[in-house]
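By convention here, the first residue in the shown sequence is residue 1.
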Amino acid sequence: MSEEKNREAKFSTDSGINIERIYKQDGGEDSGAYPFTRGVQNDMYRSKLWTMRQYAGFSTAEESNQRYRYLLSQGTTGLSVAFDLPTQIGYDSDHALSEGEVGKAGVAIDSLQDMEVLFNGIELEKITTSMTINATASTLLCMYIALAKKQGAALDKISGTIQNDILKEYAARGTYIYPPTPSMRIITDIFEYCSKEVPKWNTISVSGYHIREAGATAVQELAFTLADGKAYLQAAIEKKLDINVFAKRISFFFNAHNNLFEEVAKFRAARRMWAKITKDLGATDPRAMMLRFHTQTGGSTLTAQQPMNNISRVTIQALAAVLGGTQSLHTNGYDEALSLPTEEAATIALRTQQIIAHESGATMTVDPLGGSHFVESLTDEVERLAWEYIDKIDGMGGAVKAIEAGFIQKEIAESAYRYQQGIERGEKVIVGMNRFTREEPPFDKLFTIDDSIRAVQCEKLAALKSTRNQQAVTDALDKLVSVSRDGGNLMPHILHAVEQYATLGEIADSFRSVFGEFQGS
């Protein structure tokens, strides 16, 4: 009997007490049914565990490929790609503004050639891949599709997610390129193209993670994320797309912090609220009303002081995500307040998920905290306060208008300030940082990236440009400019340019020539 089948056959405690599929009061809500408070699947983790991802990417495609292969060998069931800052904002490694940033915050991807190396020896049909990319999401997705075609993969079988959530970049993170209107056009072009060509791909992961990292509360994270999601729904509907089709491919990306019960309540409320939002906008297919989400443990909660304490923090946060019903989970390395995670830290982070899955008993029943007076009350209150924010945002004309007015940014900034004040006054206890401190030697297990990576990438770029068909590249980029200016879905033309080995920076510059760049306030 396989390990998974054996797990499914043993829904009992160590004392032999049988565990029911779901516990509910008479007439109480079931799982897998509207409004999905208790989960989007009927059996949740009894039949299938969440996807265990480790967010990884650094240096060159060659080095990141080695880390991906290692993680897959250790039991990771999905890859999550981190891109460096130049890739995120549409600059090739040889651009002057890329100096000092190449390969630092993630892997450097300049062209399809780099994508080929990044997934060398990894069959795209057999894994799911999440890519944390926004302004250049269309180009990175086209590189992935082009690689899948070269591998001979069936495009209707490849699956994964692009973050592709530009609104939160204006509000909380800052890696935008173009103004909101053309950015929303690119996003809806992706919706339309993928619904036909790569139907299993999640075309946007509406991200509360970075909103929370910027200082938002759990309620604000929920409210602002769902307001952004509502804006994407409305933009797609205006483009005459069928909500019952494209809404199935919208996923969410939430943060998990240390307050176990508030985080669980947030996740439960999120499903209920999204079900209502989609239904009110015309969805009739239950699968179009389901909020499916990936969770990452809270990067901003990690401390550089006594970094091994972070293992405990990550465990609590991961457990909150599981008790709250996540579909996918990344656990941070204990050393990430100091550097990119070492292989040791990444392994411990993955083992944390595996221990929760196979040893804790948390996966034996659906929504284990459902029915708790505290959790049910907290779910209701989180929802009530989040609706107050959404109603206020709707009154401003929606998320785009609220961002343009600076409302969301101001709310996040004020929340971050209050939180920091609480830490400095000692009202908010951070173990090992402002209480229970000790003298300790400098942490010396740091994973660092050498600045010579940029020279390596520049050499590869120069070699690529000397061997590709330059006329084919020029023609492809000219076509991109004309479609950007005159209308039409951009995705087939981005894919064609990628396949001619046009670089990410060249494609971004083509859009810049038409759309311009957004100048933040």
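T301 and Q317 share a side-chain donor-acceptor pair at under 3.5 Å. Side-chain atoms of R351 and Q353 form no donor-acceptor pair, as typed in the model, at a separation below 3.5 Å. Using modelled atom types and a 3.5 Å distance limit, the side chains of Y176 and S183 yield no donor-acceptor pair. Side-chain atoms of H95 and S98 form no donor-acceptor pair, as typed in the model, at a separation below 3.5 Å. No side-chain donor from either of K428 and Q421 sits under 3.5 Å from a side-chain acceptor of the other. Side-chain contact annotation: R313 with N309, donor-acceptor N/O pair under 3.5 Å absent. If you check the side chains of E414 and Y419, you find no donor sitting under 3.5 Å from an acceptor.
Residues V40 and Q327 are in side-chain contact: their nearest non-hydrogen atoms beyond the backbone lie under 4.5 Å apart. Using a 4.5 Å heavy-atom threshold, the side chains of L464 and Q113 count as touching. No side-chain heavy atom of N134 sits under 4.5 Å from any side-chain heavy atom of S207. Put simply, the side chain of Y144 reaches to within 4.5 Å of the side chain of T129, judged on heavy atoms. Side chains of Y232 and I187 form a contact here, defined as non-hydrogen atoms less than 4.5 Å apart. Between V107 and T60, every side-chain heavy-atom pair lies at or beyond the 4.5 Å cut-off. Contact annotation: the side chain of S415 never approaches that of E411 to less than 4.5 Å [non-hydrogen atoms, C-beta and beyond]. Side-chain contact between H496 and L480: absent, with no pair of heavy atoms (C-beta onward) separated by less than 4.5 Å.
With sequence neighbours excluded, no residue satisfies side chain to side chain donor-acceptor pair (under 3.5 Å) with S360. Not counting sequence neighbours, S484 has no partner by the side chain to side chain donor-acceptor pair (under 3.5 Å) test. Every residue two or more places apart in sequence or in another chain that forms a side chain to side chain donor-acceptor pair (under 3.5 Å) with E116 is listed here: K150, Y501.
A salt bridge links D94 with K465: the closest approach of a Lys/Arg side-chain nitrogen to an acidic carboxylate oxygen falls below 4.0 angstrom. Ionic pairing of K460 and E62 is present here: one or more N-O contacts between side-chain nitrogen and carboxylate oxygen are shorter than 4.0 angstrom. Salt-bridge check for D475 with K479: failed, with every basic side-chain N at 4.0 Å or more from each acidic carboxylate O.
Pairs engaging residues 216-228 under the salt bridge (charged side-chain N to carboxylate O under 4.0 Å, His left out) rule: R212-E221, E221-K266 [sequence neighbours left out]. For residues 321-334, the set of pairs meeting the salt bridge (charged side-chain N to carboxylate O under 4.0 Å, His left out) definition, not counting sequence neighbours, is empty.
What you find for R249 and P199 is that their closest heavy atoms are CD-O, 2.8 Å. The nearest pair of heavy atoms linking V483 to G488 is CG1-O, 3.6 Å. Taking each heavy atom of G505 and D92 in turn, the nearest pair found is N-OD1, 2.8 Å. What you find for C458 and S93 is that their closest heavy atoms are SG-O, 3.8 Å. Nearest heavy-atom pair, T331 versus A349, reported as atom, atom and distance to 0.1 Å: OG1-O, 2.7 Å.
Looking only at distances, a side-chain donor or acceptor of E213 sits under 3.5 Å from a matching main-chain atom of S300. Checked by atom type and distance alone, the side chain of D165 never pairs as donor or acceptor with a backbone atom of V206 at under 3.5 Å. Judged purely by atom type and a 3.5 angstrom limit, D114 uses its side chain to pair as donor or acceptor with the backbone of D110. A distance-only check finds a donor-acceptor pair linking the side chain of T347 to the backbone of E343 [under 3.5 Å]. Using a distance-only test at 3.5 Å, with no hydrogens or angles considered, a donor-acceptor pair links the side chain of N255 to the main chain of Y209. Put simply, the side chain of Q74 never gets that close to the backbone of L350: no donor and acceptor are under 3.5 Å apart. Judged purely by atom type and a 3.5 angstrom limit, R69 uses its side chain to pair as donor or acceptor with the backbone of N120. Checking side-chain atoms of T326 against main-chain N and O of L329 turns up no donor-acceptor pair under 3.5 Å. Within the 3.5 Å criterion, the main-chain N or O of T503 finds a donor-acceptor partner in the side chain of E506. Remark: side-chain polar atoms of T136 are paired, donor with acceptor, to backbone N or O of T87 under 3.5 angstrom.
Using bins of under 30°, 30° to 60° and over 60° for the plane-to-plane angle, the ring pair F511/F515 lands in the parallel bin. F246 and F191 have parallel rings, their planes meeting at less than 30° on a 0 to 90° scale where 60° marks the start of perpendicular. Note on ring orientation: taking the six-membered ring where Trp is involved, the planes of F254 and F267 are tilted (angle from 30° to 60°). Relative orientation of the F253 and H294 rings is tilted, given thresholds of 30° and 60° on the angle between their planes.
Distance check: Q163 CD to S205 OG gives 5.5 Å after rounding to the nearest 0.5 Å. Here the straight-line distance linking atom OH of Y193 with atom OG1 of T203 works out to 13.0 Å at 0.5 Å rounding. With values rounded to the nearest 0.5 angstrom, T139 atom OG1 is found 10.0 Å from M115 atom CE. Interatomic distance, CG of L319 versus CD of E263, reported as 12.0 Å (0.5 Å rounding). The distance from atom CG of N332 to atom CG of N310, rounded to the nearest 0.5 Å, is 9.0 Å. Taking CD of Q470 as the start and OG1 of T474 as the end, the distance is 4.5 Å to the nearest 0.5 Å.
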Inset, instruction - Please report the C-alpha distance between Q500 and N469 in whole Å, then the side-chain angles of each, then the deciding distance to 0.1 Å, and finally whether the side chain to side chain contact (heavy atoms under 4.5 Å, CB included) criterion is met. - result: CA-CA 7 Å; Q500 307 312 308; N469 183 331; 5.6 Å; no
Legend entry - E169 and T175: CA distance, side-chain angles, deciding distance, side-chain hydrogen bond (donor to acceptor under 3.5 Å, both in side chains) verdict: CA-CA 6 Å; E169 297 296 329; T175 61; 2.5 Å; yes
Inset, instruction - Quick one: do L504 and I109 satisfy side chain to side chain contact (heavy atoms under 4.5 Å, CB included)? Show the steps, please. - result: CA-CA 8 Å; L504 175 125; I109 299 293; 5.7 Å; no
Inset, instruction - Report the C-alpha distance between L72 and L79 in whole Å, list the side-chain angles of each, state the deciding distance to 0.1 Å, and finish with yes or no for side chain to side chain contact (heavy atoms under 4.5 Å, CB included). - result: CA-CA 8 Å; L72 290 169; L79 296 176; 4.0 Å; yes
Legend entry - CA sep, side-chain torsions, deciding dist, call: R173, Q88, side-chain hydrogen bond (donor to acceptor under 3.5 Å, both in side chains): CA-CA 11 Å; R173 190 162 175 262; Q88 293 183 50; 2.8 Å; yes
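Environment of CD in E197: crowded, with over 12 heavy atoms of neighbouring residues, nucleotides or ligands closer than 6.0 Å.
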Name every donor-acceptor pair, under 3.5 Å, that has one atom in a side chain of residues 151-161 and the other anywhere in the protein, sequence neighbours excluded.
unit_1	atom_1	unit_2	atom_2	d
Q151	OE1	L124	N	3.1
Q151	NE2	I122	O	3.0
T161	OG1	N202	ND2	3.1

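Among L222, L291, I204, the single residue meeting the side-chain contact (heavy atoms from CB on, under 4.5 Å) criterion with F252 is L291.
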